[in-house]
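Here is the structure we will look at.
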Amino acid sequence: MIRAIYPGSFDPVTLGHLDIIKRASQTVDELIVGVLNNGGKTPLFSIDERVSMLLEVTEGLSNVKVLSFSGLLVDFARQMEANIVVRGLRAISDFEYELQMAQTNHKLNPQVDTMFLATSLDYSYLSSTIVKEVAFFHGDISEFVPGPVVAKVQEKVLAADEE
Ligand code: PNS
């Protein structure tokens, strides 16, 4: 039984994330999407909103679970009995940070290994930050995020406009 964790902030989930979720879920028995709930950054979406959007867009994927976690990823992995962490690599600029995280996690828990999936070319430019930037200036994000997420981001933009 191979269980892997795909961790991230998912603020919000993008089509790039969803592509990694679909492809990773085809290579493992169970994929847990771990949504980070740490205090550091102030996210646009609450933890419940991020989990709920992920549940909605992964509905048809029977071996995918969505859970939130706080604290260290390796502790969550141990708790879930998962030894593999999946991360998407978009460009060489991601590499340094991703390698540092993978090596730190492995040092903290030698049973945990990170596997990288190359992001599909279609989404290699995409990030949650870019989505929010475009949305806040009223750009079209329908090619960046799954359908149900478009409206949720637009609601946040409207609320911010009214402030
Ligand atoms: O989507 P992101 O923000 O790039 O994901 C980053 C994430 C959630 C994978 C990373 O910040 C993380 O694992 N945080 C949990 C805290 C932790 O374990 N830190 C040590 C790893 S260097």
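Residues: numbered from 1 along the sequence shown. In listed order, ligands and their atoms are each counted from 1.
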**Asked** Is Arg78 salt-bridged to Asp75, going by a charged N under 4.0 Å from an acidic O?
**Response** yes
Any idea which atoms of ligand 1 are less than 4.0 Å away from a heavy-atom of [X]?
X: Gly71; value: 15 (C), 16 (C)
X: Leu36; value: 8 (C), 14 (N), 15 (C)
X: Asn105; value: 21 (C)
X: Leu73; value: 13 (O), 17 (C), 18 (O)

Heavy-atom proximity to atom 22 (S) of ligand 1 ranks first, among Met101, His17, Gln100, for Met101
Flag [X] as yes when one of its N or O atoms lies below 3.5 Å from any N or O atom of ligand 1, and as no otherwise.
X: Arg87; answer: yes
X: Phe10; answer: no
X: Asn38; answer: no

Applying salt bridge (Lys or Arg N to Asp or Glu O under 4.0 Å) to Glu133 and not counting sequence neighbours gives none
Output for pair (Thr114 OG1, Arg87 CZ), nearest 0.5 Å, gives 9.0 Å
(message) What I want to check is whether the side chains of Ser142 and Asp140 have a donor and an acceptor closer together than 3.5 Å.
(response) yes
Minimal heavy-atom distance between Asn38 and Ser70, with the atoms involved, is OD1-CA, 3.3 Å
Nearest heavy-atom contact between Leu31 and Ser25 is CD2-N, 4.1 Å
Sequence neighbours excluded, the answer for side chain to side chain donor-acceptor pair (under 3.5 Å) partners of Asp94 is Arg90
Contact with ligand 1 for Ser128, non-hydrogen, under 4.0 angstrom: no
Residue, atom and distance of the protein heavy atom nearest atom 2 (P) of ligand 1 read Ser9 OG, 3.6 Å
protein heavy-atom neighbour closest to atom 19 (N) of ligand 1 works out as Leu72 CD2, 3.9 Å
- More than 12 heavy atoms from other groups under 6.0 Å of CG on Leu158: yes
